[in-house]
Amino acid sequence: MKPIVFGLFFTLFSITSSAQKSDYSILKISDSLKENANAVLRLDQMDIVISSQRNMNIKTQRIVSVLNEKGMNDIDAYQHYDKTTSIRNIEAIVYDEAGKEIKKIKRKDFRDQSAVDGSTLFSDSRVVYLDYTPIAYPFTIVYTSEVETSNTAFIPQWYFLSSYNLSIEKCSLNVTFPSDLGFKKKEFQFSDYNIKKTIDSDTKLSYTASNILAQKAEDLSPYSRDLFPRVMMGVEKFHLEGVDGNAATWEAFGKWYGDKILSGTTVLPDETKTKIKALVGNETDPVKKAKIIYDYVQKKSRYVNIAVGIGGWKPMYASDVDRLGYGDCKALSNYTKALLQVVDVPSYNTILYGNRYKSNIQSDFVSMQGNHMILAVPNGSDYIWLECTSQDDPFGYQGTFTDDRDVLVVKPEGGEIVRTKIYDDKGNTQIAKGSYAIDENGNFSGSISIASQGSQYSSKASLENVLPTEKEAHYKSYWNNINNIKLGKINFTNDKENIRFSEDIQLTAINYGVISGNKMIFTVDAFNQNSNNVKRIRNRKNPFQIQRGYLDTDEIEINLPAGFSIEFLPSNYELKGKFGEYKTEIIKKENNKLTYKRSMFLSKGKYSNKEYDEYRLFIEQISKNDNAKIILVKN
């Protein structure tokens, strides 16, 4: 009987083992989860244990089936560590399409490198990440990690769905915490998803969700973080960089940050103080003093990137920045603040989310937030905002990286939530004046002056520093409606005082006018055709957003060729709606001259998915009219 028993046991073991491994078979994934997906999260689980104000343990398990190359970004197998955060365990196992194990990856096989390039000052900040090249698609990775940290200021946000083209088979979040730390949470975008809160007590919080289908990215959609469900978490009594902190109110949090983290970081050498005082001289106006200091920082220092979430929140000492001539956003803002202090100009470190897509500090959720720092200089009841990482930005100019969002200003008396500069839609201008001539063979020659202000300034000013080949490529793309274009003189004027960027360009093109028999046809609007392609999206699911509005105005003189008369001239056109206004006018003048006037105003806003087709039609009508043709006939 013993051989039979052993054989039965072996058979059962083999079946059980096979069943366990077959769980990772791609065939086990339902068709609905594969639709629109580059990857499927079979399991995404995070267990967070906050054992005290000074200790947090985070265990992560991600089982990701990668269906194609684009799904590689969803593996997310990496961990940051530094002197306050240690990696206790990290590993991954790779399975093929059938669920058979093909590779085991231990800690030593992960890449381990500095999280910051070009600076030994931040060598404690490192990242361990999986650098895996698959043999074939699809495949599955089981990734597990465990980290322990004394920093409880940053409890990871939990994203039930983290990106487009990703589906979720099952995900869960489990958090355990002492009842006396003031644990808090904020839930976002839960209503359209089947998320179950299984535990919500004084010491535990748990969520589960399953079968979340992949969503396709749709043009003009808000960022995924503003569409998909997520949870922010924090504790009122936390620990950061060796210091206990308080996040009961923004005032208390800001005072703690200023007193405990920023304090002592603005000391400068005496020789630097003497130099700065001599530089400012007898100037008494605080704003003019600040302008002199800002110009000094731009010329002296350069920005060194430090990735979000590492490198600490205590800036480099101002004396180190002064000596080395570089730093990250915190360091350069703090250095500028130190220099301003020398000449008795107050300024405040300001924490925010820096991104072209506007993201707010959550004002109703007091916690350590943000990924960027700028400087606020008081100016009456308002502030002048200084982007200290830029060597080119005009004094007080906020580009699209920091404009129009809630930020935390850290004052001596505490923190305050403030809105940064809002550029009015009609202040984001591009004003163009120019002329062009068409000769009897249809060849084009013209010149144009374009002045850009507001948020349009930031999109143009960078042209000043690009290589000639890049400059040429830019204009050939910008005027892709002009075939055979040849650029002549290009001059820029960067008026930083009035924050206006001007472009003066000469250009020619052969065969702009198409000749057929005794007729010539060409497009009236040569210089500013709207070429935005708003895709038709059937059954659109997401709302859409116009982040920034603008106003373009053009006045172009057109010189028609001698020996031709006008057979057809496009009618004047006007369009008004919720998204903006558009108007064109053609004025006949003597001596075969025309004046073409065009204005287009687009209004920023958030709109529902049901309004998308209306917007698409609005832009389509503009594009169609911008392509209107003149027909000339030979006399």
Side-chain angles (χ1 to χ4, degrees), residues 429-451 475-490 503-533 550-577 580-602 617-635:
T429 59
Q430 177 183 285
I431 300 171
K433 288 193 175 184
S435 65
Y436 69 82
I438 305 291
D439 69 15
E440 64 275 11
N441 297 313
N443 298 324
F444 174 104
S445 62
S447 63
I448 188 165
S449 295
I450 304 169
Y475 285 111
K476 285 186 175 180
S477 173
Y478 185 70
W479 286 315
N480 60 6
N481 56 295
I482 303 177
N483 292 325
N484 311 309
I485 187 172
K486 186 176 181 181
L487 297 166
K489 288 183 179 178
I490 300 174
E503 308 158 77
D504 293 291
I505 305 113
Q506 295 178 352
L507 61 157
T508 58
I510 60 171
N511 301 327
Y512 181 73
V514 177
I515 296 175
S516 177
N518 67 337
K519 294 184 180 181
M520 182 191 296
I521 303 172
F522 64 92
T523 305
V524 184
D525 190 344
F527 291 120
N528 197 9
Q529 283 193 34
N530 189 303
S531 57
N532 288 343
N533 180 24
Y550 63 84
L551 174 62
D552 282 5
T553 58
D554 305 271
E555 185 172 327
I556 308 298
E557 183 182 87
I558 304 170
N559 294 281
L560 303 177
F564 283 80
S565 56
I566 298 170
E567 182 178 276
F568 174 79
L569 197 64
S571 301
N572 296 339
Y573 186 78
E574 190 168 359
L575 180 64
K576 290 184 178 181
E581 300 176 8
Y582 171 83
K583 183 178 180 180
T584 60
E585 182 182 10
I586 300 176
I587 303 167
K588 284 185 182 180
K589 296 200 168 184
E590 68 283 353
N591 301 323
N592 246 18
K593 292 181 184 289
L594 301 173
T595 297
Y596 172 70
K597 293 183 177 182
R598 176 189 185 273
S599 66
M600 178 176 173
F601 169 63
L602 187 68
L617 181 60
F618 175 77
I619 296 299
E620 196 175 87
Q621 289 172 296
I622 291 170
S623 297
K624 182 179 179 181
N625 195 69
D626 277 351
N627 200 37
K629 307 285 196 297
I630 287 178
I631 301 176
L632 305 180
V633 62
K634 199 164 189 177
N635 296 332

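Quick caveat, the model's predicted, so the values are computed rather than measured.
- In this structure, F522 and Y512 have tilted ring planes: the angle between them lies in the 30° to 60° band.
- Between Y475 and W479, the ring planes are parallel. Angles under 30° get that label, and only those over 60° would be called perpendicular.
- Here the NZ-NZ distance, from K597 to K583, works out to 9.0 Å after rounding to the nearest 0.5 Å.
- The two residues T553 and S599 come nearest to each other via the heavy atoms CG2-CB, 4.1 Å.
- Taking the side chain as every heavy atom from C-beta outward, K589 and N591 never approach each other to under 4.5 Å.
- Here L507 contributes atom CG and F444 contributes atom CZ; the two are 5.0 Å apart, rounded to the nearest 0.5 Å.
- K629 NZ: more than 12 foreign heavy atoms inside a 6.0 Å radius.
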Inset, instruction - Evaluate side chain to side chain contact (heavy atoms under 4.5 Å, CB included) for L602 paired with F618, printing each intermediate quantity in order. - result: CA-CA 10 Å; L602 187 68; F618 175 77; 4.1 Å; yes
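- A pairwise comparison of heavy atoms in T508 and S445 identifies CG2-CB, 3.9 Å as the closest pair.
- Taking CG of N518 as the start and CE of M520 as the end, the distance is 11.0 Å to the nearest 0.5 Å.
- By the 4.5 Å heavy-atom criterion applied to side chains, E503 and I490 are not counted as neighbours.
- Between the N592 side chain and the S565 main chain, no donor and acceptor come within less than 3.5 Å of each other.
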Inset, instruction - Check the pair N530, Y582 against side chain to side chain donor-acceptor pair (under 3.5 Å), reporting the backbone distance first and the verdict last. - result: CA-CA 11 Å; N530 189 303; Y582 171 83; over 6 Å; no
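- With rounding to the nearest 0.5 angstrom, the CD1 atom of I482 is 6.0 Å from the CZ atom of F527.
- Judged purely by atom type and a 3.5 angstrom limit, D525 has no side-chain atom pairing as donor or acceptor with the backbone of N627.
- In this structure, the side chains of I438 and L632 stay at 4.5 Å or more apart for every pair of heavy atoms.
- In this structure, M600 and D626 have side chains that are not in contact, with every pair of non-hydrogen atoms separated by 4.5 Å or more.
- Between the NZ atom of K489 and the CD1 atom of I505 there is a distance of 14.0 Å, given to the nearest 0.5 Å.
- Between N441 and N511 the shortest heavy-atom distance is O-OD1, 4.1 Å.
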Inset, instruction - Would you check, one step at a time, whether the test side chain to side chain contact (heavy atoms under 4.5 Å, CB included) holds for I622 with R598? - result: CA-CA 11 Å; I622 291 170; R598 176 189 185 273; 4.2 Å; yes
Inset, instruction - Check step by step if side chain to side chain donor-acceptor pair (under 3.5 Å) holds for N625 and T584. - result: CA-CA 9 Å; N625 195 69; T584 60; 3.1 Å; yes
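- L551 CG to E581 CD: the interatomic distance, rounded to the nearest 0.5 Å, is 9.5 Å.
- Contact between I556 and S435 at its shortest, heavy atoms only, is CG2-CA, 4.1 Å.
- When all heavy atoms are compared, the tightest approach of A509 to N483 is CB-O, 3.4 Å.
- Taking every heavy atom of both residues into account, P570 and V524 meet most closely at CG-CG2, 3.9 Å.
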Inset, instruction - Dump the intermediate steps for side chain to side chain contact (heavy atoms under 4.5 Å, CB included) on I566 and L560, then the final yes or no. - result: CA-CA 9 Å; I566 298 170; L560 303 177; 3.8 Å; yes
